[in-house]
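Predicted, not measured: the structure shown is a model, and the values here were computed from it.
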Amino acid sequence: QVQLVESGGGLVQAGGSLRLSCAASGTIFVTNTMRWYRQAPEKQRDLVATITRGGSTNYADSVKGRFTISRDNAKNTVYLQMNSLKPEDTAVYYCNADITTHLPYGPVNYWGQGTQVTVSS
């Protein structure tokens, strides 16, 4: 059984910063691509940032230059450093990862429970 647990959300003023963490635990052989999504009230869940095991990254246009995704493979943990936050960044942020638990089986996609980020104007 694999669990993804996010932390680091909270309330911050516009222009401030937050750092989200997501740790994968359980039976893990290798953690592959890891991602952050977000979902604002009454809106669809959107991809925010992606990082491969080798460290290649991609970002949504709305967060480029403000957010940085990183990871620690030894700890099966992914981070999202969020700077220059705006009220429109307010959402529940979800961690997502492709994890291989046993060979020869392929990776399975897992979700965290989400962490609330609220940016006040």
Can you tell me if Tyr59 uses its side chain to pair, donor with acceptor, with the backbone of Ile69 under 3.5 Å?
-> yes
Closest heavy-atom pair and its distance - Leu47, Ala60 = O-CB, 3.5 Å
Could you tell me whether the side chain of Leu20 reaches within less than 4.5 Å of the side chain of Trp36, counting heavy atoms only?
-> yes
Got Val30 and Ile99 here, is their nearest side-chain heavy-atom distance under 4.5 Å?
-> no
Got a second to check how far Gln44's CD is from Gln39's CD, nearest 0.5 Å?
-> 8.5 Å
Look at the side-chain heavy atoms of Ile, Leu, Val, Met, Phe, Trp and Tyr, link any pair under 4.5 Å apart, and say whether Val108 and Ile28 land in one connected group.
-> yes
Ala14 versus Pro87, closest heavy-atom pair with distance = CB-CD, 4.1 Å
Check step by step if side-chain contact (heavy atoms from CB on, under 4.5 Å) holds for Tyr105 and Thr100.
-> CA-CA 7 Å; Tyr105 303 106; Thr100 299; 5.7 Å; no
Contact check, side chains of Val48 and Phe67, non-hydrogen atoms, under 4.5 Å | yes
Least distance between heavy atoms, Ala49 atom then Leu80 atom = CB-CD1, 4.3 Å
Heavy-atom closest pair, residues Asn83 and Ser17 | OD1-OG, 2.9 Å
State, yes or no, whether a side-chain contact exists between Arg38 and Asp89 at a heavy-atom distance under 4.5 Å.
-> yes
So, Asn73 side chain and Arg53 main chain: donor-acceptor pair closer than 3.5 Å or not?
-> yes
Within a strict 4.5 Å, meaning less than it, do heavy atoms of the Thr33 and Ile51 side chains meet?
-> no
Would a 4.5 Å heavy-atom cut-off, applied to side chains only, mark Asp72 and Tyr79 as touching?
-> yes
Transitive ILVMFWY side-chain link Met82 to Val12, under 4.5 Å | yes
Look only at the side chain of Thr90 and the backbone of Val119, and say whether a donor-acceptor pair between them is shorter than 3.5 Å.
-> yes
Mind checking whether Val78 and Cys95 have side chains closer than 4.5 Å, heavy atoms only?
-> yes
State the CD-OG distance between Gln13 and Ser121, to the nearest 0.5 angstrom.
-> 9.5 Å
When rounded to the nearest 0.5 angstrom, what distance separates CG in Leu11 from CD in Gln116?
-> 9.5 Å
dist Asp98:CG -> Tyr110:OH (nearest 0.5 Å) comes out at 10.5 Å
Euclidean distance, Thr50 OG1 relative to Asn58 CG, rounded to 0.5 Å | 6.0 Å
Drop me the distance from Cys22's SG to Arg35's CZ, to the nearest 0.5 angstrom.
-> 12.0 Å
Under the 3.5 angstrom rule, does the side chain of Glu6 hit a backbone N or O of Gln113 as a donor-acceptor pair?
-> yes
State, with a plain yes or no, whether a side-chain heavy atom of Asn96 is found less than 4.5 Å away from one of Asn109.
-> yes
Looking just at side-chain N and O atoms, do Asn32 and Thr52 make a donor-acceptor pair shorter than 3.5 Å?
-> no
Describe, in one word, how the ring planes of Tyr37 and Trp111 are oriented to each other, choosing from parallel (under 30°), tilted (30 to 60°) and perpendicular (over 60°).
-> tilted
